[in-house]
*Asks:* 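One structure, pasted below without further comment.
We name chains A, B, ... by the order of the sequence lines, and we start the count at 1 in each one. Values reported hereafter were calculated over all heavy atoms of this structure, with side chains retained and with hydrogens, waters and symmetry mates removed.
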Number of protein chains: 2
Amino acid sequence: MRQKRKGRPTNTSRRERISPLTVARLSLYLRHLEELAAQGQSMVSSRQLGDALGLTDVQVRKDLASFGQFGRPGVGYEVNGLVRRLREIFGTERVWDVAVVGVGSIGRALLAFKGLVKKGFHVAAAFDKDPRKIGKRVSGVLVRPMTELAVTVRRKGIRLAVLAVPASAAQEAAEDLCQAGIKGILNFSPVRLNLPDHVAVVPVDLAAKLQQLNYFIGPPKSRQG
Amino acid sequence: MRQKRKGRPTNTSRRERISPLTVARLSLYLRHLEELAAQGQSMVSSRQLGDALGLTDVQVRKDLASFGQFGRPGVGYEVNGLVRRLREIFGTERVWDVAVVGVGSIGRALLAFKGLVKKGFHVAAAFDKDPRKIGKRVSGVLVRPMTELAVTVRRKGIRLAVLAVPASAAQEAAEDLCQAGIKGILNFSPVRLNLPDHVAVVPVDLAAKLQQLNYFIGPPKSRQG
DNA sequence: TAATGTGAACATTTTCACAGCA
DNA sequence: TGCTGTGAAAATGTTCACATTA
């Protein structure tokens, strides 16, 4: 019932839905596999991968099995093959241009962040509405006025944006991004964006994460009751 | 006690475990409720809250019910009361000191981030191992050498840290933090930290989030099918 | 023996349906 | 009627047990 073993059914371009939690873990796998590849390791078992990332071996196999048969029983997974396949899934065999909107401290940090390129992303344009910033270069990227957003995004074919403006300006800027044809927004502003469904938004709320961390730590060790 | 109306079971200090996904949403509720309070709104329904945050009304009620009975049937929830209760849950009726380790671009962004104070966090100390940074002030905070970490953390009673050092230095710095008695780490380094269980770690991997966003957007819209 | 892949059991989370209060 | 609170159903996610392949 299954195909020959050599011709492996990798359901390559079939976009059957991978669960979001699995997708989140796939980027962990990719990160670690890239490290292993850099160290010259050519095979890896689900156990090794899981141990390195704090997951069970079964979880790793289930996740990897969600997009095709890759492993060789008794042997493990081929590192380079998996890296290729995961990049294909994330669409990062190529490099994607990203726009940064808001060149405050967070925007600046992203412009300076070298790690992005290795992962397949390149900050290709930056926007701000502060006239004092416009025309300057930050980490080598020219800061443009918001009025040039649509034109620049279209000309460069940018589909991803990072939104790092103050809360009060976020919704409006997000709508500008939509108008410009952006497909996905990584949102650092502590605001829920109200946008059409065809635009994907991933929120990143640092203060909220600290609150949650504080909850899980619990009350101060009641030293005296 | 405060049972004024019908004895309402608010299980105030009972720390029965709230599920992690609920906790994540509780910070969303708190954020929005604080806004409503600032606007002078005194009551809110689960429906209104849900609409504002992209959740169903049932989800909101289930979440709020997970730590006591708060709503008044036919009326809704009292905004200020909920704000107080949520702050109590997150432990943020008081302000907590936070240490930032690594004063690169991300560390700097956090030092400059005003939003933290409003949420109950104050960056009280910064550390780096680069001698050129040590002794300088960044956003008003003195940068100290890593060798002073333990002493400073203990003296100031700091229990939360943000780790923003390069991947290669992350594990070692994290161990230093543990030694110093830190209880929770917000980890910006793209590395899984291997630490004792009693230290809580919340990872924040920006490149990974972009990858996931790219996955959900899917392949470039093949314009002619 | 050392691995993968997977159905079935289990656990968690979300949604539904509705009882009951104001 | 408008709203909360909640048991039960449905959906989603994780772990277990084991067949299978190298």
*Asks:* Rounded to whole angstrom units, what separation is found between the CD atom of A/Q48 and the C1' atom of C/dA2?
*Replies:*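 Rounded to whole Å, this separation is 12 Å.
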
*Asks:* For the pair made of CG in A/L82 and P in C/dG5, what is the distance, rounded to whole Å?
*Replies:*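 For the pair A/L82 CG and C/dG5 P, the rounded distance is 10 Å.
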
*Asks:* Please enumerate all residues that pass salt bridge (charged side-chain N to carboxylate O under 4.0 Å, His left out) together with B/R25, with sequence neighbours excluded.
*Replies:*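 For B/R25, the residues satisfying salt bridge (charged side-chain N to carboxylate O under 4.0 Å, His left out) (neighbours in sequence not counted) are B/D63.
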
*Asks:* Under the salt bridge (charged side-chain N to carboxylate O under 4.0 Å, His left out) rule, what pairs show up with a residue in residues 40-60 of chain A, not counting sequence neighbours?
*Replies:*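 Matches after skipping sequence neighbours: A/R47-A/D57, A/D57-A/R61.
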
*Asks:* Report, one line per pair, each donor and acceptor closer than 3.5 Å where one atom sits in a side chain of residues 32-43 of chain A; sequence neighbours left out.
*Replies:*
residue : atom : partner : partner atom : Å
A/E34   : OE2  : A/R87   : NE           : 3.2
A/E34   : OE2  : A/R87   : NH2          : 2.9
A/Q41   : NE2  : A/M43   : O            : 2.8

*Asks:* Donor-acceptor pairs are to be reported for all side-chain atoms of residues 194-201 of chain A against protein atoms at under 3.5 Å, with residues two or more places apart or in another chain.
*Replies:*
none

*Asks:* How would nucleotides 4-14 of chain D be written as a contact map, 5' to 3', with B for base contact, S for sugar-phosphate-only contact and - for no contact, using protein heavy atoms under 4.0 Å?
*Replies:* BBBBB----SS

*Asks:* Identify, with sequence neighbours excluded, every residue that meets side-chain contact (heavy atoms from CB on, under 4.5 Å) alongside A/R154.
*Replies:*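 A/A150.
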
*Asks:* Could you tell me the separation between the CD atom of B/E78 and the C1' atom of D/dC3, rounded to a whole number of Å?
*Replies:*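 Computing the B/E78:CD to D/dC3:C1' distance gives 16 Å.
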
